[in-house]
Every structure is written in C-alpha cells, then in structure tokens.
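Each remark here refers to the structure printed beneath this line.
Just the heavy atoms: all of them, side chains too, but no hydrogens, waters or symmetry mates, feed the values below. Quick note: residue numbers are just sequence positions, from 1.
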Amino acid sequence: MGEHSLETPRQLFERLQARLETERGRLDQWQAIEAEYQRKYTEGLAPLETKLHELRMKLVLCFDHAYKNMGLSKAEREFVSELVTEFSAELLLLDAKGELPAGCDAARLKTLYKKHSGLDYDEAAADETEDAKAELIEALELDPDTDLSTFTPTQLLRIIQDQFEDEEAEDLLAMARAALRNTTPNAVAWQAMQDEEAARRQQGTPDLTPVADVPDAGLPQANATLQAQLDEVLHLASYAEEGFKLRYDLDPFASFDPETVLEELDADIVDIQEYISELEHEVMQFSDEGQLKAWLKAMRREVAAIERREGRD
C-alpha cells in the first residue's frame, strides 16, 4: 500500500495544507533573494568571469607560442597541446551560446584546437554529443531510439538521482551535459520560457486563495482544491528556479535552494578570485624558459597524481 493510502480525508486535508505552506514559503524565498543575488552577480561574479575567460584565452596563446619557441621537450610539447585543446574547447562552449567575451577570438581558438588536437572542433563536438547520447540512453536503459532532446535537464537530473548515487550519478550528469549540449543563449531560452508561461496562464490557473477549515462534508472538494493549488505552487517554484538558472548561468543539471544560493554565490566569487590569481601566476611563467619548464613538470606530476587517485577509486 502507498504511504498515504490509509489516511482519512481530514488527514489528507492537513497534510496538503502543511505541504502547501512549505512550498509557498519556498516560492516566496525565490522572490525575496532576487534583488540581492542580481546585485552580487552583476557587480561581483560577472566581471570576474569575463576576466577569467580572457586570461584563459591569453594562456592558450602563451601555450601555443611556447610550443615551438621555448625549447620544450617532446613530452612537454604533448602536454602543452593537451592544455591548449582543453582550454580552447572550454572557451568555444561559451562561443556556441554567444557568451564568449569580446576579448576572445573564436576563429583563432578553433584554429589552435585543430593545430594541437588534429581534429576539427565542430566535428569533434558533434561526435562527442552523439557518443554521450548513446552512452546515456544505454546507462538509463531507455529505448535505443529515444530522442533525448525531448527531456529537460531537470527531468534527466531527477531520473539520474532516482536511480544512481554519488560518483556514478555525477558521471552520468556529466554525460547528460554533453548529450544535451546547449547552444541556445540563456537570454533567448529565458524569453521563450516566459512566453510559454504567459500562454499557460492565459489558459487559466487555479485560484491560490488559502482554503479555510471546512466541515467533514466539504473535505472532498477542499482536498481537490488544495491538490490543484499545490500542483500550481510546485510549478511556480520550478519555474522560479529554472528561470533563476538561466538568468545567472547556473548549471541546468543541478538543484538549487533559495536558502543557500547567496552563500554559494559568495563562495563562487572567492573561488574565481583565487583561480584568477593562479592563472595570472601561470601567465608569468612564460617570461622565462626555466620557470616554464619547472611549472610544466609540476603540473604534469599533479595531473598524473589525480589520474592515479581516480584509477584507484
């Protein structure tokens, strides 16, 4: 039997009332944190992200220059090529959504990607997407002909979280990100989402006026009203969260809580500041051949250590 199959109409009424109050509170929280989050994002995180992407572009150019002009060994050149390929691909993901900073040259990035990987970026990205789709369909035991584009990131997130745990779930989410590689600018997707919501509301939505206590005879109707209200509030909360992800470029394959997003934003700002400092330090290594070789040696050891740990896990 289901968890609530034996509850009385009165118990159902009380449970729906309590759940509705909780979900109304969550919806109110999304509305309450918007202004402060927007300020911190606009003034704090967004300028840092632009600086970070421009630094990564600079590093790509520095690596490419070092490849032939700084006396690197064959192993060092191979490692540099891996870094150029990785950084270029990450920046070109932004370009696909129209979000690459003006200081970054997409055409140059594609040229360097092909130079150092031997592959055409667009073809490689398309192949990666198709491979990820096939692997994800198999892992989730879906019909081989399933069109994953009919799933939203949130739907795939729930499916994966319901069936898998911890590292396995994380691996599948990474696969899902590749399978549903998004090339639509967030602003366009957000506008489309607003248009869809406006059309939905024109069709009529439940009255969310709180339901007062009712006598037993009125419980069936009251419970039906409460369930409709709960469904509507859950939809509005989901709409608020998904819109929030689009407006602030958050991971579509993650869940966010309005109680913690401001703290997470503060932590993101600190992390990106530290990462920028690291990249600025790395750029400085290119001023001296000896420094660059020592840095590359340390980086190769770090990567090897990470790969060994992941292999053991």
Side-chain angles (χ1 to χ4, degrees), residues 30 49 53 85-100 104 106-107 109-110 113-114 117 119-203 205 231-232 234-257 261:
W30 279 119
E49 287 183 326
H53 300 324
T85 301
E86 179 182 342
F87 275 44
S88 296
E90 291 172 354
L91 289 170
L92 286 167
L93 280 175
L94 296 174
D95 179 61
K97 295 178 63 178
E99 297 172 1
L100 190 67
C104 301
L109 286 168
K110 288 186 177 183
Y113 181 95
K114 186 168 186 177
S117 70
L119 301 171
D120 176 85
Y121 171 77
D122 293 319
E123 292 178 0
D127 288 343
E128 181 184 353
T129 297
E130 291 306 310
D131 289 345
K133 286 180 179 178
E135 292 177 28
L136 187 62
I137 287 171
E138 181 178 359
L140 298 182
E141 298 182 347
L142 301 173
D143 186 285
D145 295 327
T146 298
D147 181 2
L148 288 178
S149 66
T150 62
F151 291 82
T152 66
T154 300
Q155 288 171 331
L156 282 178
L157 172 65
R158 289 172 182 162
I159 292 171
I160 291 170
Q161 289 181 333
D162 286 345
Q163 298 182 28
F164 303 91
E165 296 181 357
D166 304 328
E167 290 185 10
E168 191 173 11
E170 287 302 315
D171 289 343
L172 287 172
L173 287 172
M175 198 181 296
R177 292 183 185 96
L180 268 67
R181 191 187 302 270
N182 185 11
T183 59
T184 302
N186 283 357
V188 174
W190 172 227
Q191 185 59 58
M193 189 174 169
Q194 291 179 90
D195 293 342
E196 183 178 333
E197 177 64 8
R200 185 189 76 89
R201 293 183 183 182
Q202 285 183 347
Q203 299 299 315
T205 58
D231 291 343
E232 176 67 9
L234 286 171
H235 167 80
L236 293 175
S238 176
Y239 174 77
E241 181 180 352
E242 295 308 307
F244 197 84
K245 293 179 191 179
L246 289 172
R247 292 193 299 281
Y248 301 111
D249 197 26
L250 295 171
D251 184 0
F253 290 94
S255 296
F256 294 89
D257 189 329
V261 288

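- Residues Asp147 and Thr150 approach most closely at O-OG1, 2.7 Å, considering heavy atoms.
- For the pair Leu236/Glu232, a side-chain contact is recorded, criterion being any heavy-atom separation below 4.5 Å from C-beta on.
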>> For Tyr239 and Trp30: C-alpha separation, side-chain torsions, deciding distance, then whether side-chain contact (heavy atoms from CB on, under 4.5 Å) applies.
In response: CA-CA 10 Å; Tyr239 174 77; Trp30 279 119; over 6 Å; no
> Would Lys97 and Asp249 count as a side-chain contact (heavy atoms from CB on, under 4.5 Å) if you check the C-alpha gap in whole Å, the side-chain angles of each, and the deciding distance to 0.1 Å?
Replying inline: CA-CA 11 Å; Lys97 295 178 63 178; Asp249 197 26; 3.8 Å; yes
> When you look at Ile159 and Phe151, which way does the side-chain contact (heavy atoms from CB on, under 4.5 Å) test go after all the steps?
Replying inline: CA-CA 10 Å; Ile159 292 171; Phe151 291 82; 3.8 Å; yes
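- Formation of a donor-acceptor pair under 3.5 Å by the Lys245 side chain with backbone atoms of Ala254 is found in this model.
- Side-chain atoms of Glu123 and Lys114, non-hydrogen and from C-beta on, never get closer than 4.5 Å to each other.
- Considering every non-hydrogen atom in both Pro153 and Pro252, the closest pair reads CB-O, 3.4 Å.
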> Under the side-chain contact (heavy atoms from CB on, under 4.5 Å) criterion, do Leu93 and Arg181 qualify, and how do the steps go?
Replying inline: CA-CA 9 Å; Leu93 280 175; Arg181 191 187 302 270; 2.9 Å; yes
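- Judged purely by atom type and a 3.5 angstrom limit, Gln161 has no side-chain atom pairing as donor or acceptor with the backbone of Ala169.
- Between the NZ atom of Lys110 and the CG atom of Asp120 there is a distance of 7.5 Å, given to the nearest 0.5 Å.
- Without hydrogens or angle criteria, Ser117 side chain to Tyr113 main chain gives a donor-acceptor distance under 3.5 Å.
- Looking at every heavy atom in both residues, Leu109 comes nearest to Ser88 through CD2-OG, 3.8 Å.
- When all heavy atoms of Ala176 and Ile160 are compared, the pair lying nearest together is CB-CD1, 4.4 Å.
- Taking every heavy atom of both residues into account, Leu91 and His53 meet most closely at CD2-O, 3.7 Å.
- By the 4.0 Å N-to-carboxylate-O rule, Glu196 lies too far from Arg200 to be salt-bridged with it.
- Judged by distance alone, with hydrogens and angles left aside, the side-chain atoms of Thr129 form a donor-acceptor pair with the main-chain N or O of Ala125 at under 3.5 Å.
- Rounding to the nearest 0.5 Å gives a distance of 7.0 Å between CG of Leu180 and NZ of Lys133.
- For Ala106 against Leu92, the heavy-atom pair with the smallest separation is O-CD2, 3.7 Å.
- Contact annotation: the side chain of Leu140 approaches that of Phe164 to within less than 4.5 Å [non-hydrogen atoms, C-beta and beyond].
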